[in-house]
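Below is one structure; the comments refer to it alone.
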Number of protein chains: 2
Amino acid sequence: MTQAGTNRATMEPAELGLRERKKQRTRRALRIAAIRLVAERGLDGVSVDDIAAAAEVSTRTFFNYFPTKDEAIVGLDPEDIREITEAVSSRPADESPLEALRAVMLQRAALVAPEQADLWPLRLSIIRRHPHLMAANAASWSSYEHALAETVGRRCGLDPARDPYPAVLVAAVLAVVRTLSVRWQEFPGAPLVEVLGQAFDSLARGLPPP
Amino acid sequence: MTQAGTNRATMEPAELGLRERKKQRTRRALRIAAIRLVAERGLDGVSVDDIAAAAEVSTRTFFNYFPTKDEAIVGLDPEDIREITEAVSSRPADESPLEALRAVMLQRAALVAPEQADLWPLRLSIIRRHPHLMAANAASWSSYEHALAETVGRRCGLDPARDPYPAVLVAAVLAVVRTLSVRWQEFPGAPLVEVLGQAFDSLARGLPPP
DNA sequence: AAAATTCTTGCAGAGACTGAATAAATGCAG
DNA sequence: CTGCATTTATTCAGTCTCTGCAAGAATTTT
């Protein structure tokens, strides 16, 4: 690697043009402003104008980045989607689809903890306070679900358009991950990775009564 | 507001007062108008004003019944929620939670077909055309998820606040049902009940690769 | 440096949604 | 049936979200 200097927590590939970097930065600024402000004042206590002002852009620009106020809070970056599908398709081929998803999701959950120690809990607490955002969350994952189902289908040689298995698997797994993430914020007993691991075990055993 | 709880799950319209019956009727009129119009002209081609006009009530009244345009289309009636949780809790006690949910959901899916032959397919086609409505759908089920998790917890003697099993089970099952309902509209191969049955089998066996 | 591309911004406007006041309908005595 | 209390519907005014458009500023390319 030609990377001698260690970048901060934010890894910004210097290979991108200035324009692209600025875009990433405003996007991030808007998201952070949205999450911070809403966590503080509640969803109705913050207008898009406030968010845009806090990020030092015009209100119109906000809507160039996010189609909705909700998406600024719970939306996934397209980059994340790409990373996850890539991670799934590059798991060893002898793993079952469920095992592959398990590995990727656990790895992901483990990454979340240290990286954005601020933002992630804030997001979850907001979702807990405004349940309809859980749905907006699910909405932003829906395109992603499609992509993931495609990837899973490719792993086991199934056409997701013909065989429902990939769609069912992905839907179940993501629903469980979402549910437990929010719950975990509420009842922080064991670390999230552990809770998720047990849930995947339960899934793999057919959700038997404990 | 002193509503004596109706012990039966069967519909007893005669016992309700005039006021209550009128409310049910406007609610239903609004929902039907919303679904019909949106199925015809698309979500953006229909305003709440249009819907209210079609149902012959004022615009403001629409919002007395539904908090959102989306909810008028995909929202569940509180009554449905009550029926479902009741059905689950009155399943034989020796069934596993997953089996109980399976039975109730299949029974439900079988009912849907003949009853509202018009509305149900329209709803699904709308959801397929406007993916974000799938999320709104999930949102309207979220309060319901809580209630169902509670019921499941009671069945197997678990406190849903302490043990994640009920929440996980319900989340997975509902996600699968939602996903397959929409898919089924898209690829109407086998009857929905059959497709759902196979998915429940798959779930019970730990989602093994086919 | 000029041209081409892309991003930001302000503006005007449609539509979603809310609170409050008023009118109408319904339920319930007497 | 008549008056009174409660619930529901409507009107009205207003805020906020979100979109299209056109002009201006920044970045990239030639």
Side-chain angles (χ1 to χ4, degrees), chain A residues 12-31 33-34 37-38 41-75 78 130-133 135-136 139-140, chain B residues 1-4 13-31 33-34 37-38 41-75 78 126 130-133 135-136 139-140:
Chain A
E12 277 187 30
E15 312 301 340
L16 294 174
L18 171 58
R19 191 170 262 163
E20 201 59 28
R21 261 179 296 158
K22 275 198 171 177
K23 265 173 66 179
Q24 303 272 6
R25 232 184 301 160
T26 32
R27 187 183 188 82
R28 183 171 177 76
L30 281 170
R31 168 153 286 154
L37 287 178
V38 171
R41 299 188 226 157
L43 195 57
D44 306 342
V46 178
S47 67
V48 173
D49 287 23
D50 297 334
I51 298 172
E56 311 204 71
V57 293
S58 75
T59 304
R60 188 61 181 84
T61 294
F62 174 93
F63 289 106
N64 288 340
Y65 281 87
F66 301 98
T68 289
K69 185 163 79 162
D70 295 353
E71 285 266 328
I73 297 167
V74 299
H130 305 274
H132 90 268
L133 283 183
S140 87
Chain B
M1 195 165 121
T2 58
Q3 278 282 40
E15 307 299 340
L16 293 174
L18 172 58
R19 196 169 254 166
E20 201 61 28
R21 263 179 295 157
K22 276 202 168 178
K23 263 172 67 177
Q24 302 272 6
R25 232 185 303 157
T26 30
R27 187 185 187 81
R28 183 172 178 74
L30 282 169
R31 168 154 286 155
L37 288 177
V38 171
R41 300 188 226 158
L43 196 58
D44 305 342
V46 179
S47 67
V48 172
D49 287 22
D50 297 334
I51 298 172
E56 312 204 69
V57 292
S58 74
T59 304
R60 187 61 178 87
T61 294
F62 174 93
F63 289 107
N64 287 340
Y65 282 87
F66 301 99
T68 288
K69 185 164 76 161
D70 295 353
E71 285 265 329
I73 299 167
V74 299
I126 292 173
H130 305 274
H132 90 268
L133 283 183
S140 87

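A note on names: the letters A, B, ... follow the listed sequences, proteins ahead of strands, and every chain is numbered from 1.
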Query raised in the report: If we fit an axis to the first five pairs and another to the last five of the helix from C:dT8-D:dA23 to C:dG30-D:dC1, what angle do they make, to the nearest 10°?
Result: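 End axes: 20° apart.
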
Less than 4.5 Å apart, side chain to side chain, heavy atoms only: is that true for [X] and [Y]?
X	Y	result
B:Thr26	B:Thr61	no
B:Lys23	B:Tyr65	yes
B:Arg41	B:Asp50	yes

Which pairs, protein N/O on one side and nucleotides 16-18 of chain C N/O on the other, fall under 3.5 Å?
residue, atom, partner, partner atom, Å
C:dA16, OP1, B:Val48, N, 3.4
C:dA16, OP1, B:Lys69, NZ, 3.1
C:dA16, OP2, B:Val48, N, 3.2
C:dC17, OP2, B:Lys69, N, 2.9

Can you see which heavy atom on [X] is nearest to which on [Y], and at what distance?
X	Y	result
B:Ala72	B:Phe66	CA-CD2, 3.7 Å
B:Leu37	B:Val46	O-CG2, 3.5 Å
A:Ala139	B:Ala135	CB-CB, 3.1 Å
A:Ile73	A:Ala34	CG1-CB, 4.2 Å
A:Arg31	A:Glu71	NH2-O, 3.2 Å

Integer-rounded Å distance: [N] [atom2] and [X] [atom1]:
X	N	atom1	atom2	value
A:Gln24	D:dT27	CD	C1'	16 Å
A:Glu20	C:dT8	CD	P	11 Å
B:Lys23	C:dT26	NZ	C1'	12 Å
A:Leu18	D:dT29	CG	P	11 Å
A:Arg19	D:dA25	CZ	P	16 Å
A:Arg21	D:dT28	CZ	P	8 Å
B:Asn64	C:dA23	CG	P	18 Å
B:Glu56	D:dA9	CD	P	14 Å

Please determine if a side-chain N or O atom of [X] lies less than 4.0 Å away from the OP1 or OP2 oxygen of [N].
X	N	answer
B:Ser58	D:dT11	no
A:Lys22	D:dA26	no
A:Tyr65	C:dC7	no

Query raised in the report: Are a donor atom and an acceptor atom from the side chains of B:Asp70 and B:His130 found within less than 3.5 Å of each other?
Result: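 Their side chains do not contain a donor-acceptor pair, so the 3.5 Å distance test is not met.
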
